[in-house]
2 protein chains.
Amino acid sequence: MSARQRVTVEDIARACGLSRATVSLVLRSSPLVHPATRQRVEAEMKRQGYVYNRAAANLRRRVSNSVALVINDLSNPFFAEFATGVDEALGGKDYVTLLGCSNESPQRQLQVLNSLMEHHPAAIILSPAENTDARDIDRVVGGTPLLVFNRMLDHDSDGADHDFLGLDNRGGAMQATAHLIERGHRDIAFFGGHANSSSCQERRQGYHDALKKAGLRARNEWLIESAPTRVDACARSETLFAGKTKPTAAVCYNDAVALGLMLGLAHHGLRPGIDFAVTGFDDIPEAAMSMPELTTLSTDPRARGRQAAQLVLQRVEQATPVSPANIVPVRLVERASSSAPA
Amino acid sequence: MSARQRVTVEDIARACGLSRATVSLVLRSSPLVHPATRQRVEAEMKRQGYVYNRAAANLRRRVSNSVALVINDLSNPFFAEFATGVDEALGGKDYVTLLGCSNESPQRQLQVLNSLMEHHPAAIILSPAENTDARDIDRVVGGTPLLVFNRMLDHDSDGADHDFLGLDNRGGAMQATAHLIERGHRDIAFFGGHANSSSCQERRQGYHDALKKAGLRARNEWLIESAPTRVDACARSETLFAGKTKPTAAVCYNDAVALGLMLGLAHHGLRPGIDFAVTGFDDIPEAAMSMPELTTLSTDPRARGRQAAQLVLQRVEQATPVSPANIVPVRLVERASSSAPA
DNA sequence: CTGAAAGCGCTTACAG
DNA sequence: CTGAAAGCGCTTACAG
């Protein structure tokens with residue numbers, strides 16, 4: 001068992017007849033050490049099964065090689081992909097990922113952040129829970145570099161002292177809406193999402209922009225909220241046709257909602273892509289595998305994860321100034337679900 | 001900026017006119033400290049914005065409050081749910097999750113483990129990449145408690161010195177197959193998965209068990225491999241009907257494969273659940289939302305994650321002996337996809 | 001209840 | 001190229 005003492009630099013030094021300092025230099029592959037000495041030391045480390053204690057090293061050097069990653073909902077493939085990208089990029093730079101899940105609870109999010117802060121991460125990447133208050137976050141994060149992903153925080157002062165990485169929600173929704181208009185639709189709904197979330201507001205804005213540009217307007221009964229999930233979207237799909245004027249197409253908040261809506265349409269005897277046009281947002285893997293395949297906006301969450309990690313490490317290592325608004329463009333991917341005629 | 005020195009126990013002690021030891025006792029809420037003193041100390045910590053340095057504390061105490069979680073594929077909802085469960089249970093016990101993704105690469109997995117080991121985690125939870133060799137893992141893991149999830153390792157000696165948590169793959173596949181037999185099917189395929197993975201072997205075994213019990217047997221042409229993904233399953237679905245005797249039903253390796261197969265069937269003009277019966281494995285959220293809904297085996301990956309965390313912490317905190325085979329039963333969830341007549 | 005001293009495993013100047 | 005000493009921020013005995 002690990003009852004026997006852990007092997008330390010001291011043990012290696014003694015076995016080789018050297019001082020700890022020399023072994024330490026070997027560990028950090030300093031050019032000051034004679035190659036022969038290095039070899040002896042490395043052989044001895046292997047022999048004794050030495051494993052570096054980076055926490056101790058970090059303590060002395062007053063640095064950190066961890067980054068805290070706090071995710072609102074890991075069971076959502078969009079965020080799971082994002083997390084994968086973050087971990088990949090951090091690992092490539094010899095950083096380690098401290099994971100925390102908030103499960104969309106602001107309280108739990110604060111707990112998680114507090115716990116992770118005790119490990120003094122070099123930086124924090126936060127994909128915030130809904131209704132997260134910027135002031136709470138700033139308080140616990142202190143001076144640690146912070147990058148917020150995807151959603152803006154409530155009550156965030158303009159001169160926010162953190163990085164932000166988000167999608168071009170407005171532009172994306174505008175593309176999707178314009179695409180439906182081009183195909184002849186005039187009665188277009190915006191379906192799903194929580195109207196108080198920043199991403200939903202931005203997407204609705206893009207939808208309105210496109211309508212306005214075409215001389216159209218949205219009826220209130222076509223602005224329908226739902227949880228951003230398949231299940232809830234499916235359950236609420238009938239609401240679309242509750243008003244007097246029935247829409248012929250819907251721009252959906254995201255792919256999960258769009259897939260749920262398509263299912264709901266089928267339950268009502270409407271064939272998505274034939275009787276009713278639908279667009280999504282995110283391009284999750286399922287979008288290309290649904291029936292019909294889903295027209296959507298490609299966001300490449302794994303690449304976003306890598307990008308987030310890069311931004312935040314750049315900030316840590318070069319103390320660059322914050323870039324409060326990195327807005328990533330999104331691209332329309334045209335598939336069968338939007339091919340229904342008006 | 002954080003250019004100013006970090007606040008330490010020393011600072012708090014000096015400000016309160018106490019020694020570091022006393023402040024340390026407050027931090028660990030020792031009953032030895034006078035309540036009034038405690039109050040003063042806590043107020044001062046808040047005032048100065050003190051944040052505990054757990055790495056330093058752990059170093060001195062020779063303990064760890066981190067657990068390494070290494071996942072083969074986080075973009076698979078099954079593992080994402082598992083990770084969520086692990087993090088939830090660890091967080092509840094004041095442990096922190098060190099995340100690493102191997103992306104199904106055994107080499108990357110070793111790199112990731114090596115990097116995480118330098119943080120001396122209290123334990124390791126590993127959902128191994130395919131073709132992981134137990135000897136490689138044992139070498140890097142050393143004496144740290146290890147729990148392997150879901151897949152057994154290659155070349156694992158019987159008296160493995162690690163915990164294992166897995167699903168009852170054999171029993172589950174047996175249930176699914178028996179269910180199809182009960183519905184009158186006699187020509188049943190086993191579709192998808194890599195035949196060299198332990199979980200696929202076990203599931204195929206259960207399939208054979210059920211056939212044998214009913215006096216049936218599998219044709220070789222009905223044993224079809226695929227990557228365990230929707231895309232590949234869809235691509236290979238025609239293989240099912242390439243032989244002389246066409247099956248009327250298929251037990252699928254997992255839900256992703258089953259959903260891909262259903263899509264492939266539709267492309268061939270076969271209506272799943274009406275013209276052909278299909279079962280899955282896992283009960284991912286999509287299973288209840290597909291058309292038709294998917295009959296499958298419920299595994300509750302988030303609960304498995306909590307269970308894995310519990311097992312491993314129990315091992316850490318109470319030095320319990322390893323339990324090499326925790327096999328979790330799975331439950332058949334009957335839905336429309338398996339209702340096609342023979 | 002509180003203080004002075006030592007130490008966790010490493011690295012950092014500073015001499016040589 | 002190598003060694004002796006100090007210190008990162010905390011906790012642990014041991015006195016008082």
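Chain letters run A, B, ... following the sequence lines, proteins first and then strands; every chain starts at 1. In this text, all values refer to a predicted model and were calculated from it rather than measured experimentally. Basis for what follows: all heavy atoms, side chains included, without hydrogens, waters or symmetry-related copies.
- A perpendicular orientation is assigned to the rings of A/Phe149 and A/Phe79, their planes being inclined by more than 60° (bins at 30° and 60°).
- Heavy atoms only, all atoms of each residue included: B/Ala89 and B/Ala309 are closest at CB-CB, 3.6 Å.
- Considering only side-chain atoms of B/Thr37, the nucleotide from D/dC8, D/dT2, C/dT2 that sits closest is C/dT2.
- As the counterpart of C/dA4, no nucleotide is assigned, since no Watson-Crick or G-U wobble pattern has both distances under 3.5 Å.
- Salt bridge status for B/Glu130 with B/Arg151: present, with a side-chain N to carboxylate O gap under 4.0 Å.
- Note on B/Thr22: a side-chain N or O is less than 4.0 Å away from OP1 or OP2 of C/dG3.
- Straight-line distance from the CZ atom of A/Arg62 to the C1' atom of C/dG9: 17 Å, rounded to whole Å.
- Rounding to whole angstrom units, CZ of residue A/Arg6 and C1' of C/dG9 are separated by 9 Å.
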Item to check | B/S/- contact track for nucleotides 10-16 of chain C, protein heavy atom under 4.0 Å | outcome: BBB----
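- Checked by atom type, the side-chain pair A/Asp73/A/Ser75 shows a donor-acceptor distance below 3.5 Å.
- Within the 4.5 Å cutoff, the side chain of A/Ile137 has heavy atoms near those of the A/Leu126 side chain.
- Pair assignment for D/dA13: none, as no Watson-Crick or G-U wobble contacts are both less than 3.5 Å.
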Checklist entry - What do the steps show when you test A/Leu165 against A/Val328 for side-chain contact (heavy atoms from CB on, under 4.5 Å), and what is the final call? => result CA-CA 8 Å; A/Leu165 175 66; A/Val328 181; 3.6 Å; yes
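- We find that CG of B/Leu59 is positioned 7 Å from P of C/dG9, with the value rounded to whole Å.
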